[in-house]
Structures are given as structure tokens and as C-alpha cells.
Enquirer: 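Supplied in C-alpha cells, the structure appears directly below.
All chains are named by letter (A, B, ...) in the order of the sequence lines, taking the proteins before the strands, and each is independently numbered beginning at 1.
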Number of protein chains: 2
Amino acid sequence: MKTIGKLAKELGLGVETIRFYEREGLIKQPQKPQNGYRVYDDSITKQLQFICRAKALGFTLKEVASLMSMGGDCARVESLGLQKLRIIQSKINDLQGLEVVIKEMTNSCRNNNDQSHCPIIDSIK
Amino acid sequence: MKTIGKLAKELGLGVETIRFYEREGLIKQPQKPQNGYRVYDDSITKQLQFICRAKALGFTLKEVASLMSMGGDCARVESLGLQKLRIIQSKINDLQGLEVVIKEMTNSCRNNNDQSHCPIIDSIK
DNA sequence: GTAAACTCCGTAGGTAAGTACGGAGTCAAT
DNA sequence: ATTGACTCCGTACTTACCTACGGAGTTTAC
């Protein structure tokens, strides 16, 4: 049993962030004793770790909420995962395209001897 | 010479977006004749295309403003480019990591026969 | 026993890059 | 001459995800 500050510290989150997740319906407000302070047990830690991991995997908070509400509906979870996968793959593609373009640009810059203007600026114009 | 609506249409931008870029200092407010309407010549088209291209390369509007103010300082432009390149490469890395994890997760889902719970949800818990 | 640290709540602010609104003036076509 | 489209301006709203503030009550450490 711990209070919100300890929980936050334990997970590397801000107190406000935990309250925010509660407001957003990602976690439930725990029982509060006489003094009005939130008191958490260990199950909340798992839930918050779930949220953090899913976030790290690129899911938005809304999607995390969906995932959590799906319980164990494997087909639906899988479909959300596949959808994320497609998005991630297309992002990778885009970024690799950018990588090539920017590499070319900085190379042309490196080889430029004319101080009066820059091939990147010129080419982008 | 064209008014803001035509310019916007020509570039596929919104009128408000052009006004926004003006407010942000990316482009200058053009001369306005008696009626108060903005009137643009062709040089603005190049500037806005520059902005759009740089944005497509992953530069933020602030960075675009920097680039534009650098004139032809090749070394500085190159350094901004290389910095972007590093960011892009690390993003690609991260996303490829995610790709692997999500692939594994959806695969385990696909092979799951137990309807009562989902390996993705289980593993993330 | 008192000062520091913690918690409560609701609301406001911040970021990035726009997008929308409202009321007023202006221009083009019929 | 009137309708509809266009423009002006400043401000507020949007999305996603927090972060900060203010003022009050509570707990902990010395």
C-alpha cells in the first residue's frame, strides 16, 4: 500500500501524470480512506507498467484504453497490433527516404567550395 | 500577382496556413494596396515551396525559419542537416525495434487457441 | 510542536502546427 | 443592385500528453 507520490517515484512518472491517467479513465481512482489520500496496492503498478509499455510501443493513450478494455479478445488485440505494425512500417519507409535525401544534401554541402551559397539551400529552393 | 486565396489553392495550402506562416515570421507580409488585400508575386511561391519541402524533410517550422535566415552559410546548414539525420536514424532504429516486438506479439496471438485470454495482453501485463 | 513535505481538487498553461469563427469590408457576376 | 465569394483581423479552438498553479488540509521528521 502506497500513496501517489511513492507510486509515481517507483514508476518514474509524475504525480500529475497518474492523476491525469485517472481522469482519462485509464486507471480507476482507488479507495480513499479518511484522509482523502489515494492509496494504491501492487495491482496498480502492473496496470501503469502496461500503459507505459504500450505507450513505448507507439500506442496512443486512447488505444491503450482500448487494449485494456478488450480484456482477452485476442482477435481484436491482434488486429490493433497489425494496424500499428503497418503504421510503423510505413513510418520506417518514409524516414529511410528522408535519410537518403538528407545524406545527399549534406554530402553535397561537404564538397562545396563556393562559400557564397549553399547547395542545400539552392536545391531546396 | 495574385491574392491569398489563389496562392493557397495553387500550393494546396489553406489561406489560414499562409497567414499563420506570416504571423510566425516565415514569410513577410506583402505590400497591400488600397483595399487591404494581400497581393503576392511569384517569389512568394518559391518561398512557400521551400517551406513545404523542408517540412516534408522533417524540419520543424522553427528550423525552417533558421534555414531561411542562414542565407548561404553552408557549414551551418550542413550541421542542421546532420543533426536531423541523426534524429531520423535514431527514429528508424526505434521503430525497427517496435516492429520486431509487435510482430512477435501478433504472431503469438495468431497461434493462440485459448479463447479465454490473449498472449499480448498477458505478456504486456 | 512546528516546519517541511506530501496530498487534495479544479483549472490553466504548454507544445506544434495549424484550423475555425465572427463580424465587417470588398470584389465579381448577373 | 444584390447575391455570393473573397478578404481582413484577432482570438479561440484542436489533438495528444502532459505540467504547473493556488490554496487548503494532512502527515512525517526532528
Enquirer: Show me, pair by pair, the donor-acceptor contacts under 3.5 angstrom made by side chains of residues 18-27 of chain B, not counting sequence neighbours?
Expert:
unit_1: Glu22(B); atom_1: OE1; unit_2: Arg38(B); atom_2: NE; d: 2.9
unit_1: Glu22(B); atom_1: OE2; unit_2: Gln29(B); atom_2: NE2; d: 3.1
unit_1: Glu22(B); atom_1: OE2; unit_2: Arg38(B); atom_2: NE; d: 3.4
unit_1: Glu22(B); atom_1: OE2; unit_2: Arg38(B); atom_2: NH2; d: 3.1

Enquirer: In whole Å, I'd like the distance from the CG atom of Leu61(A) to the P atom of dT19(D).
Expert: 11 Å

Enquirer: 5'-most contact on DNA chain C: Thr60(B) or Gly36(A), nearest heavy atom basis?
Expert: Gly36(A)

Enquirer: Hey, is Asp41(A) close enough to Lys2(A) for a salt bridge, meaning N to O under 4.0 Å?
Expert: no

Enquirer: Respond yes when some side-chain nitrogen or oxygen of Lys9(B) is under 4.0 Å from OP1 or OP2 of dC6(D), and no when none is.
Expert: no

Enquirer: If hydrophobic residues (ILVMFWY) are linked whenever their side-chain heavy atoms come closer than 4.5 Å, directly or via other members, who joins Val100(B) in its cluster?
Expert: none

Enquirer: Among Leu11(B), Leu67(B), Val64(B), Thr17(B), whose side chain to side chain contact (heavy atoms under 4.5 Å, CB included) with Ile51(B) holds?
Expert: Val64(B)

Enquirer: Any non-hydrogen side-chain atom of Lys84(B) less than 4.5 Å from a side-chain atom of Glu63(B)?
Expert: yes

Enquirer: Identify, with sequence neighbours excluded, every residue that meets side chain to side chain donor-acceptor pair (under 3.5 Å) alongside Gln83(A).
Expert: none

Enquirer: Tell me the interatomic distance from Ile4(B), atom CD1, to dC6(D), atom C1', rounded to whole angstroms.
Expert: 11 Å

Enquirer: Tell me, please, the opening and closing nucleotides of DNA chain C, 5' to 3', among those with an atom under 4.0 angstrom from a non-hydrogen atom of chain A.
Expert: dC6(C) to dG10(C)

Enquirer: Which distance, rounded to the nearest 0.5 Å, do you find between the CD1 of Ile92(B) and the CD of Gln96(A)?
Expert: 5.0 Å

Enquirer: Would a hydrophobic clustering, with Ile, Leu, Val, Met, Phe, Trp and Tyr connected at side-chain separations under 4.5 Å, put Leu48(A) with Phe50(A)?
Expert: yes

Enquirer: Phosphate oxygens OP1/OP2 of dT27(D): is one of them under 4.0 Å from a side-chain N or O of Asn35(A)?
Expert: yes

Enquirer: Listed in order of residue number, which residues of residues 14-32 of chain B have a non-hydrogen atom at under 4.0 Å from DNA chain D?
Expert: Arg19(B), Gln29(B), Lys32(B)

Enquirer: With heavy-atom distances below 4.5 Å as the criterion, would you say the side chains of Lys32(A) and Val39(A) are in contact?
Expert: no

Enquirer: Looking at Lys103(A) and Glu99(A), is any side-chain nitrogen of the basic one under 4.0 Å from a carboxylate oxygen of the acidic one?
Expert: yes

Enquirer: For a 4.5 angstrom cut-off between non-hydrogen side-chain atoms, does Lys91(A) reach Ile87(A)?
Expert: yes

Enquirer: Expressed as a whole number of angstroms, how long is the span from Lys55(A):NZ to dA16(D):P?
Expert: 13 Å

Enquirer: Which whole-number value in Å describes the distance from Lys2(B) NZ to dC6(D) C1'?
Expert: 17 Å

Enquirer: Dot-bracket notation for DNA chain D is requested: 5' to 3', Watson-Crick or G-U wobble pairs only, both distances under 3.5 Å, with ( ), [ ], | and . as defined.
Expert: ||||||||||||||||||||||||||||||

